[in-house]
Amino acid sequence: MIIKKLTATFGTLQNEELRLTGGLNIVEAPNETGKSTWCAFIRAMLYGIDTADRDKAGYLSAKTRYRPWSGQPMEGKMELVFGGRSITLQRKPLGNYPMRDFTAFYTGTSEPVPKLTDKTAGEVLTGVSEPIFERSAFIRQSGLAVSQTAELEKRIAALVSTGEESVSYSEVDSILREWLRKRKYNQRGLLPAAEAEARQVRDKLEAIERVSGKLAELRQEKEHMESYRDEFLRESEKLERYEKKKARESYQNALAELEAAQRTVDETLSELTKNGKMPTREEIAEIRAELEKLAACDAVHSAASVRREQMKKTLESLNEAKGIYKFNGMSPEECEEKANRAAAEYLAVGEAKSAKVFDAKVIVSLALAVAAALIGALTPLGTPGYIAAAALAIVCGAFILANISKLRKAAQDAERRAGILKEFGVSSVSELMGLVREYKEICYKESAALMSLNSADEEVSKAEKELSEVKGALLEKLRSLDPSAEDVGRAPALVARVEKLLDTLEIAQAKRDAAKRLAETLAEGVNVDMLLSETGEYPEDETEPKYNRAEIAASLKYAEKQLMAINSSISMAQGELKALGDPVVLRTRAAELDERIKELSAQYDAIALAIDTLSEANADIQSRFAPLLSARTGEILAELTGGRYERVSFDKKLSAETEKAGDSVSRSMLYLSEGATDQLYLALRLAVCELVLPKEEPCPIILDDALSSFDDSRMRLALDFLKKVGEERQVILFTCHSREAKYFEGVRDVNIVKLK
Amino acid sequence: MLIKILHAADFHLDSPFDSLSGEKARERRREQRELFLSISEICEREGVEAVLLPGDLLDSERTSFETCEILLEVFKSIKAEVFIAPGNHDYVSPGSPYLTLKFPKNVHIFTSPEITKLEFPEKGFTVWGAGFAGDSSPPLMTGFRAGGEGVKIMVMHGDVKQPRSTYNPISEAEIAASGLDYLALGHVHSFSGIRKAGGTFYAYPGCPEGRGFDETGEKGVLIGTVGQGFCDLKFLPLGGRKYEILNVDLSEAGDALSAILPHLPRDSGRDIYKIVLTGEFEGSLDLESLAEKLSDRFYALTIKDRTRIRRDIWEKAGEDTLRGIFLRKMRKKYEEAKTEEERERIVLAVRFGLSALDNGEEYGT
C-alpha cells in the first residue's frame, strides 16, 4: 500500500493536503505545524476514531484532541494505491460520531472497493490490526518501546512456528487465568464460596446436633417433671378423697355427738325433774350454805367435845401423876410443910460422907504393910531391915484399923439418913424438894384443867343446840329436792347428785350446741347428701396422704413453673432446629458441596496445570522468536550505530541487553544513554516491522520525530537505513528539523515535503 | 417347629441421600419412613412371628425426634417379637435412642457386646444376639455354642469371611460350629443369597433401599420360615427407588445427547441415575445442559464425564504451534502419570487448555 495524497480537516489541519510518494518521504514540519496531527490523521483514516474513548484527567481522547479548531466537522480523504489500483478513502461524521461515515471507492470512479469498511479498512490495507500497526509501523519518538499485545505476540509466535496467527499465548493465558480466578482468587470464587457454604452447612449440622441433644435432654426433663407433677396430682386427689372422707366422718361424728349430747340432755332433764320442778343452782347453793353451816356447827360441837374430853383426860392424867407421890391427898401447902420437916431432920444427922473401905490411902498402906511383911520374912530377925519392916508394918496396920472404925460410924449415920429419905422415896434432900415442887405443879395444873373442863361443857351444850336448829332448816330445804328425805345425812350426797346432774345437763347442753354448730359449719357449702352418700372412695387400708394441701400446692406450682420453662425451652429449641433446617437435607447438601468442591478443586488444579504447561509451551516458542528478533535488531542496531553495538538480546517482555563491539559482556539497556536507547528501540521497531508486517502489499512505516535525539552522524546512518527500507515499503518520516531534508537534498528517490 | 421370620437390616434411617436436591432429599426421607412403616404391614399380612433387625437400623445416635416416634409407632403396631442388634452406625452409647426411648415389650434390644440369650419356649424358639458398643467391634462370636431346645436363631451385625475387618469379623468355621439354625446378619448392603456353613443357614438381606450409587439395583428384605435344620427364605423387594449407573460410550458419537438417548431405560422415572460418559470424545461436553435435557426421565440425574481425549487430538501434539507444543507436553505428563487421578487431571487440563485455545468458551459450561 502506498499513500499518495491526504486531505484533512482534522485538528489544526483545515482542509489541508499532503502529497507523498512511494519510498522514503521526508515531511519537514516545524513545531506546531501538525506533524503529529498528520500521523494521527493517517491512523484515523485507516482505522477510524474510537468514539468510546473518553477524556480523563490529563488525557484527551482522539475525538476531542483532533476536533477541528475551525469548528468544522472532522473529515478527510486518503488516496492510495493498493493491489495495483488507486483507491480513495473518505471519512465524514455520522451523526455525532466523527469520521464514522466511511466510503472507499476506486479513485476517479464511484465503484466501491469491496471488503473495505469503516471497521475493516485499516487491517485490509495494512495487513495488520490497529494495535499491531500502532506498535510496529507507527513509530513515534515518545513511543519507541515496543509493548506487548496479544496481537503482536500472535504475530511473532506465528513467525517462529508454523502458523496459527489466531492463537495468542497471552490471550489464552488470560482466559485460563480468568477461569482459574473464577474458581478461586484470594478468598473469592466458586471454590471459596462452596467451601464457605460447606462450612456453613457443617456448622448448621453441628448446631442441629447440639440443639437435638439439648432437646432430648429437655424432653427427658419434661417427662421427669410431668411424672413429678402427676405424682402430686395423684396425691392431691388422694388428699381430696381423704379430706372428703374426713369431712364425712367429721360430719357423721358431729351428728352422732349431737344426738348423744341431746340424749344426755333429755335424760338429765328427766332425772332432774322427776320430783316435779327442776332444782335451780340457787336452791342448791342455799342447801350448800346450810350444809356448810351445819358442818361449821358440827365442827364447833366436835371441837368443844374434843376439848372437853381432852380436859377430862388431862385431869385423869394429873390425878394419876399425883398418885405416885407420897404427898398424894395433900394439898400443896401440906406437902411442902412435911417435906421441910424431913429435910431439917436429915440435916441434923449430917451429911454423909462417902467412905470407901478401900480408898487410895488404905491401899497404899496395905501395900506397904504387905511389903514390910515380906521384907520381914526375908530378912533375918533383929536386923535393921527387919526392924524397919516391922515398924512399917505396924504403922500401916494402925492406919488401917483407924480407918475401919471410922467407917463403922459413918455407916450408922448413913443408915439413919437413908431412913428419912426412904419415906419419901428419895435419895437426897434436894430430890425431896424437887418432888415437892413437882407435886405442887401438878396440883395447880389440876385446878386449871378442872376450870377448862367446865368451860368445854358449856360450849358443847351451846353447839348441840345450834346444830339441831341448822339440821332442821336443812332438812326442810332437802325435802324440796327429795320429799322423802328424812335426815340430813343424805344431804351432801343428794346435793352432789343434783349438782352433778345439773353439771351434766350443762355440759350436755354445751356439747349439743357445739355439735350442732360443728354440724352446721361442716354442712356449709357442701352438698350434705352427696357427702354422706360418697362411700368406698378411700379404702380403709390405704395409707394417709403424705403431704398437706400447702405442700401439694407448692409442689404443683413448682412443677407447673418448671414445665412452663421447659416447654418454653423446648419450643425455642424446636424453633431453633426448624430455623437451622432439615438435617437430612443439609447432610445431602453437604455431600453435594463436598462433591462440588472436589470437582472445582480438580478443575482448579487442571486449569493451573494448563496454565503452567501453556507457559512452558510459550517459553519454547519465545525461546525461538527471541533469537530471531534479537538477531535482526542487532543487525539493524549495528547499522544505526555504525557498528558500535552488535548484539542484542530480548526477554519475553522485550527488555533488552546489548553488547558493544569487542565487548564480551552484554549490559542492560538501562546502562545506555537516551540516544542509544532510542536507537536500540528504533532498531527493535524496525525489526518488528520486518517480522510482523506482511511482505505482500507492505504497508507504510510512519515515523514521527523518531530521530530527534539522534546526533547528526547517527541521524545520517538512520536515514540511510530508512532509505533502504523505503526500497521495500513506503516510509514517511515527519521531522521538525531541516537536517534530514538537507541530507537528502538533490537525492532523486527521496520525496521531501516542507510544511508551512 | 417352623418359625415365620422377617429379616431386614441396614435401614440407616435419617442418613443423607446422594445426588439429590434439598427438596428431593426431604421427599426421600419421607419415603424411607413410609418404607419402614410398610414392615408392619408385611408382618401383619405374612403372620410373622419374629422380626430380626441385625444392625444399622439408625444412621447414628442423633436420630430425629420424628423418626424416633415413627420407630415406636411401627414397633407398637407389630405383634411379633422384634430383635435388634445395634451395629457400627447405631451402636449403644449413653445418648442412644436404644437407651432413651421407651420401646414396647415386644421389642428386645441387645445392648451388650456379650452374647445374650432370650428364650421363648411357648413359641418354640430362642434368640441370641449382641450389639456394638462403638463404631467398630472385635469378634463377638468366638467360641459361641447354642444349646437348648427349639429353633435357634442369632441376630448379629458383622463381616463374614473378612478376617481383617474391624466390624466383628466372623468366620464360616465359627458359624458352622455355632449350632444355630439361622444367623441373621447385617452390615453388607447387598443380598448375599441364602448360605450355609455346617448346619447353620445365614444371609445378609442387604439394605431395604439404596441411598447412593454404591447401593444400586433392587433392594428389599428376607421373609420366610426357619426351623431346626431348615430354611426357606425369599428375597422380597420393597419397591423403593433404585440407584442405577448407566455407562455410555461416546467414542463414535458426534454429539453427546444423541449418543445417550438410545441407552436410556424405559421405566426410570422413579429412580436415581448416574450417567457416566466414557470413551474418546473431542467435543465440549456441556454436562449441565445435558442433565437439564434428560432430567425429566428420572427422579434425579447426575452426569459424569469420564471420556478420554481423542487420539487425533493427541496427534496434534506433533504440530509446531503453541497448541501442538502444549499438547506434546501434556501427552508426556499423561504418559508419565502414576495414578488414574493424575491422568484424569491431565485430561481435564487438556480440555481446558484446548477450550481456551479454540474459542474461549469455558469447558463444561
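Just so it is clear: chains get the letters A, B, ... in the order the sequence lines come, proteins before strands, and each one is counted from 1.
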Kindly give the heavy-atom pair with the smallest separation between A:Trp179 and B:Phe352, and that separation in Å.
CZ3-O, 3.3 Å
Counting heavy-atom pairs closer than 4.5 Å to chain B, which one of A:Arg589, A:Glu595, A:Gln603, A:Arg219 comes out on top?
A:Arg219
Of all of B:Glu344, B:Arg345, B:Lys329, which one pairs up most often with chain A through heavy atoms under 4.5 Å apart?
B:Lys329
Is atom CD of B:Glu335 surrounded by more than 12 heavy atoms (other residues, nucleotides or ligands) closer than 6.0 Å?
yes
Determine whether A:Thr613 and B:Lys333 satisfy the following criterion, side-chain contact (heavy atoms from CB on, under 4.5 Å), listing intermediate values before the conclusion.
CA-CA 10 Å; A:Thr613 311; B:Lys333 288 181 204 280; 3.4 Å; yes
Nearest-0.5 Å distance that lies between atom CE in B:Met330 and atom CG in A:Leu609
4.0 Å
Would the number of heavy atoms belonging to other residues, nucleotides or ligands and lying under 6.0 Å from NZ of A:Lys214 be above 12?
no
Considering only heavy atoms, which portion of B:Lys24 lies under 4.5 Å from any heavy atom of chain A: side chain, backbone, both, or neither?
neither
So for atom CD, which belongs to A:Glu560, do other residues, nucleotides or ligands contribute more than 12 heavy atoms lying within a distance under 6.0 Å?
yes
With a cut-off of 6.0 Å (strictly less than), are more than 12 heavy atoms of other residues, nucleotides or ligands near CD of B:Glu341?
no
Considering only heavy atoms from C-beta outward, does the side chain of A:Gln220 approach that of B:Thr100 to under 4.5 Å?
yes
Contact part of A:Gln574 toward chain B, heavy-atom cut-off under 4.5 Å: side chain, backbone, both or neither?
neither
Between B:Ser15 and chain A, which part of the residue has a heavy atom less than 4.5 Å away: side chain, backbone, both or neither?
backbone
Non-hydrogen atoms of chain B under 4.5 Å away: do they reach the side chain of A:Glu616, the backbone, both or neither?
both
Counting C-beta onward and ignoring hydrogens, is there a side-chain heavy-atom pair between B:Arg29 and A:Asp582 closer than 4.5 Å?
yes
By a 4.5 Å heavy-atom criterion (distance strictly below it), what part of B:Lys332 contacts chain A: side chain, backbone, both, or neither?
neither
How many angstroms lie between CD1 in A:Ile607 and CG in B:Leu348, if you round to the nearest 0.5 Å?
7.5 Å
Nearest heavy-atom pair of A:Ala610 and B:Phe326: which atoms, and what distance?
O-CE1, 3.7 Å
Surrounding CZ of B:Arg270 (heavy atoms of other residues, nucleotides or ligands, distance under 6.0 Å), is the total greater than 12?
yes
